[in-house]
Amino acid sequence: MTENEGYTWLDGQLVKNEQAMVPFMTSALHYGLGVFEGIRCYATPRGPAIFRLKDHIQRLLESAKILGFRSLPFTQEQLEEACREVVRANGFESCYIRPLIFFDSQVKNLNLDVGWARVGISAWYWGAYLGDEALEKGARMNISSFTRLHPNIMMTKAKITGNYANSVLAKTESARLGFDEAIMLDPQGYVAECTGENLFIVRRGVIYTPGTWAVLEGITRDAIITLARDLGYEVQEAQISRDHLYVAEECFVSGTAAEIVPVTEIDHRVIGSGRRGPVTYRLMQAFHAVVRGEDERYQHWLDLVNP
Ligand code: PMP
């Protein structure tokens, strides 16, 4: 199936992808006034299942509240069902789901109270976001020359479309320099996150990750912290400096699109052994068993598309 043959859920109805259009004058297009989610659906023995659907839709609604939407046309339950409906309509076993709430009004206006919210949900097949090779050999990253957003300037807990201009600057620079992904520092100079992933390091056997004061509260990050602790690892939130990264035994990043990806080079310095580390590999295996529905203990994280 090509992308044009699929279906998008738009404002409560399924329409063909090629008919899921918005007018040029939609203000969301001009000012980045939308909030979105990225969710993965996995093939499991009980059919396609959406990973942590409730948590993703809750974060979507929180993002909408943070941006300032006062009312939305759909409830949490309706949006969860709409995600399942999109997967069913497209006949996917596994896919990536993209809900977007966007502000519609004439472009002459920047006030969210003068206009209304619209909602679309699309889905597509998406393989390894940072590439298959990075899953085994590890990704090569650089520290971005662009600083991550200060929490008083943009709202880092929200997936606001406009926030991603900052990610695009860093990602494009990183790709042009020949790296796979950029690591961004917060305004104090400590490690924040990547352009679309949270970051972890392992040092003297302990797993560290930046606290959520200036980064997105990643749902994969939360799953990894839970899985790591259940496996007996110590996990701590910490302020991580740039040089902490260089001397880490292991480094990996997490996100819905990327899943878990080892990082084996930062700023031309080899991290640890230069190969995917044992802690990273163990967490990758645990995570993939969970999302494929092979671990009974975490079935509550899977939302069946055809219950
Ligand atoms: N940070 C940023 C900036 C992101 O865009 C994402 C992707 N949503 C993440 C972290 C990881 O979050 P999650 O695990 O919920 O996808």
Side-chain angles (χ1 to χ4, degrees), residues 32 34-42 50-64 66-67 83 95-101 121-123 126 128-130 139 141 143-144 146-151 153-174 180-187 190-201 209-228 235 237 240 251-261 263 283-284 286-288 290-291 298 301-303:
V35 295
F36 70 101
E37 267 307 315
I39 314 175
R40 269 196 193 268
C41 173
Y42 291 92
I50 304 177
F51 184 63
R52 299 192 64 168
L53 175 61
K54 232 179 222 342
D55 296 320
H56 279 284
I57 298 300
Q58 189 177 343
R59 187 172 66 185
L60 178 70
L61 298 182
E62 286 175 0
S63 292
I66 290 171
L67 183 58
C83 287
C95 63
Y96 180 89
I97 307 166
R98 165 57 52 81
L100 170 71
I101 301 177
I121 307 175
S122 265
W126 216 4
Y129 173 63
L130 292 177
M141 302 203 177
I143 303 290
S144 184
F146 294 100
T147 302
R148 196 68 186 138
L149 302 159
H150 186 289
I153 294 177
M154 278 307 282
M155 307 290 105
T156 59
K157 304 284 171 293
K159 281 182 76 74
I160 296 171
T161 55
N163 286 6
Y164 281 78
N166 178 247
S167 289
V168 169
L169 288 169
K171 180 79 184 189
T172 305
E173 176 192 55
S174 176
D180 300 313
E181 174 62 305
I183 298 170
M184 303 185 78
L185 305 181
D186 69 19
Y190 292 98
V191 175
E193 59 189 332
C194 295
T195 65
E197 301 88 20
N198 293 111
L199 180 141
F200 292 80
I201 60 170
T209 189
T212 54
W213 38 88
V215 303
L216 189 74
E217 294 172 318
I219 290 169
T220 321
R221 174 188 183 277
D222 179 75
I224 288 169
I225 292 173
T226 304
L227 290 175
V235 186
E237 288 191 341
I240 297 173
C251 178
F252 62 89
V253 296
S254 71
T256 297
E259 301 174 303
I260 305 179
V261 179
V263 181
L283 288 169
M284 287 170 83
F287 179 78
H288 285 285
V290 168
V291 298
Y298 307 98
W301 280 347
L302 295 172
D303 203 292

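Whatever order the structure lists ligands and atoms in, that order sets their numbers, starting from 1.
Among all non-hydrogen protein atoms, the one lying nearest atom 5 (O) of ligand 1 is Y164 OH, 2.4 Å. Annotation: atom 9 (C) of ligand 1 to nearest protein heavy atom, G196 O, 3.5 Å. With respect to atom 14 (O) of ligand 1, the closest heavy atom belonging to the protein is T220 OG1, 2.5 Å. If you check which protein heavy atom lies closest to atom 2 (C) of ligand 1, you get E193 OE1, 3.5 Å. Closest to atom 16 (O) of ligand 1, if we only count protein heavy atoms, is T256 OG1, 2.6 Å. Ranking the protein heavy atoms by distance from atom 12 (O) of ligand 1 puts G218 CA, 3.4 Å first.
The proximity of T195 to ligand 1, defined as any non-hydrogen pair under 4.0 Å, is limited to the backbone.
Taking each heavy atom of F51 and A223 in turn, the nearest pair found is CZ-CB, 4.0 Å. When all heavy atoms are compared, the tightest approach of I50 to L53 is CG2-CB, 3.7 Å.
When the options R59, R52, K54 are evaluated for a salt bridge (Lys or Arg N to Asp or Glu O under 4.0 Å) with E37, the one that passes is R59. Put simply, the residue from V35, L67, L216 that forms a side chain to side chain contact (heavy atoms under 4.5 Å, CB included) with K159 is L216. Of the listed residues (E193, E197, E237), just one forms a salt bridge (Lys or Arg N to Asp or Glu O under 4.0 Å) with R221, and that residue is E237.
Residue I219 places at least one N or O, backbone or side chain, under 3.5 Å from an N or O of ligand 1. At under 3.5 Å, not a single nitrogen or oxygen of S167, backbone or side chain, sits near a nitrogen or oxygen of ligand 1. The N/O atoms of K159, backbone and side chain alike, include one that comes under 3.5 Å of an N/O atom in ligand 1. Taking only nitrogen or oxygen atoms, main chain and side chain alike, S254 does not reach within less than 3.5 Å of ligand 1.
Side chains of T195 and E181: a donor on one and an acceptor on the other come within 3.5 Å.
Distance CD1/I153 to OG1/T147: 10.0 Å, rounded to 0.5 Å.
Of the candidates I224, T156, N198, it is N198 that places a heavy atom closest to atom 11 (C) of ligand 1. When the heavy atoms of H56, E197, R148, E37 are ranked by distance to atom 3 (C) of ligand 1, first place goes to R148.
Against a heavy-atom cut-off of under 4.0 Å, G255 is close to the following atoms of ligand 1: 11 (C), 14 (O), 16 (O).
Counted within 6.0 Å of OH on Y164, heavy atoms from surrounding residues, nucleotides or ligands total more than 12; the atom is thus considered enclosed.
The aromatic rings of F200 and F252 sit parallel to each other, their planes meeting at less than 30°, with 60° as the upper class boundary.
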